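Within every chain, numbering begins at 1; the chains are lettered A, B, ... in the order of the sequence lines, protein sequences first and strands thereafter. From a predicted model like this one, the values you see are computed outputs, not experimental measurements.
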Amino acid sequence: MTKFQQSFDQKVWQVVASIPSGQVMGYGEVARAAGFPRYSRMVSGAMSRSPEPLPWYRVVRSDRTLAFEAGSEEYREQAQLLKQEGVRFEGNKIIEQPRGDNLDEILWGPQ
DNA sequence: CCCTTGACTATCT
DNA sequence: GAGATAGCCAAGG
């Protein structure tokens with residue numbers, strides 16, 4: 001492990017682990033929250049190196065689409081996990097988050 | 001060193 | 001809105 005990874009990974013794990021169920025964050029947002037702006041491309045590596053299972057599937061692209069190739073095995077898994085938490089999709093794009101604090105909204109969706 | 005590779009982004013057509 | 005393009009940055013060959 002390089003010194004960079006030691007500090008970077010730790011912070012990224014911490015941020016990703018803190019994403020609430022039913023919500024998502026972009027790679028860039030995670031990097032920024034971890035204190036490493038412009039390191040979006042490093043985030044996936046940090047997650048894959050985590051010794052503990054992380055809610056990796058809550059991290060998506062800045063345009064709210066999933067980072068895997070549409071239709072791939074990984075894509076379907078991530079989409080399924082997110083849907084389990086109440087995340088809604090419009091095509092391949094995630095619909096902006098249901099502030100999961102109201103039962104009516106959870107049952108009926110935003111609007 | 002130089003080049004390529006990513007679970008990326010912002011910007012311009 | 002879909003492509004293309006140019007930045008981005010650590011790692012590994």
Using atom [atom1] of [X] as one end and atom [atom2] of [N] as the other, report the distance to the nearest whole Å.
X	N	atom1	atom2	value
A:Phe4	C:dC8	CZ	P	16 Å
A:Phe36	B:dT9	CZ	P	17 Å
A:Glu74	B:dA7	CD	C1'	9 Å
A:Leu54	B:dA7	CG	P	16 Å
A:Arg64	B:dA10	CZ	P	11 Å
A:Ile94	B:dA7	CD1	C1'	13 Å
A:Asn92	C:dG1	CG	P	12 Å
A:Tyr27	C:dC8	OH	P	21 Å

Q: Could you work out which one of B:dA7, C:dA11, B:dT9 sits closest to the side chain of A:Trp56?
A: B:dA7

Q) Considering only side-chain heavy atoms of A:Ser62, which listed nucleotide, B:dT9, B:dA7, C:dC9, is closest? A)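 In terms of side-chain proximity for A:Ser62, the closest of B:dT9, B:dA7, C:dC9 is B:dT9.
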
Q. Can a salt bridge be assigned to the pair A:Glu29 and A:Arg64 using a cut-off of 4.0 Å between side-chain N and carboxylate O?
A.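 Salt bridge flag = yes for A:Arg64 with A:Glu29.
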
**Q.** Pairwise C1' distance for B:dA7 and C:dG13, with rounding to whole Å
**A.**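 About 22 Å, rounded to a whole number of Å.
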
When you measure from the side-chain N and O atoms of [X] to the phosphate of [N], is any distance below 4.0 Å, counting only OP1 and OP2?
X	N	result
A:Arg41	B:dG6	no
A:Lys93	C:dG1	yes
A:Ser44	B:dG6	no
A:Thr2	C:dA11	yes

**Q.** Distance-only polar pair, side chains of A:Gln80 and A:Tyr57, donor-acceptor under 3.5 Å
**A.**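 Side chains of A:Gln80 and A:Tyr57: no pair found under 3.5 Å.
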
Q) Taking the nucleotide of DNA chain C with the closest heavy atom to each, which residue, A:Arg49 or A:Ser40, is nearer the 5' end? A) A:Ser40

Q.
Which heavy atom of A:Arg49 sits nearest to which heavy atom of A:Met1, and what is that distance?
A.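 Between these two residues, the closest heavy atoms are CD-CE, 3.8 Å.
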
Q: May I ask you to say what A:Tyr39 touches in the nucleic acid, namely base, sugar-phosphate or nothing, with a heavy-atom cut-off under 4.0 Å?
A: sugar-phosphate

(Q) Base, sugar-phosphate or nothing for A:Gln78? Non-hydrogen atoms, less than 4.0 Å. (A) nothing

**Q.** Quiz item: cation-pi between A:Lys11 and A:Phe36, 6.0 Å / 45°
**A.**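 No, a cation-pi geometry is absent between A:Lys11 and A:Phe36.
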
Q: Could you point out which residue of A:Val15, A:Val43, A:Val16 forms a side-chain contact (heavy atoms from CB on, under 4.5 Å) with A:Met25?
A: A:Val15

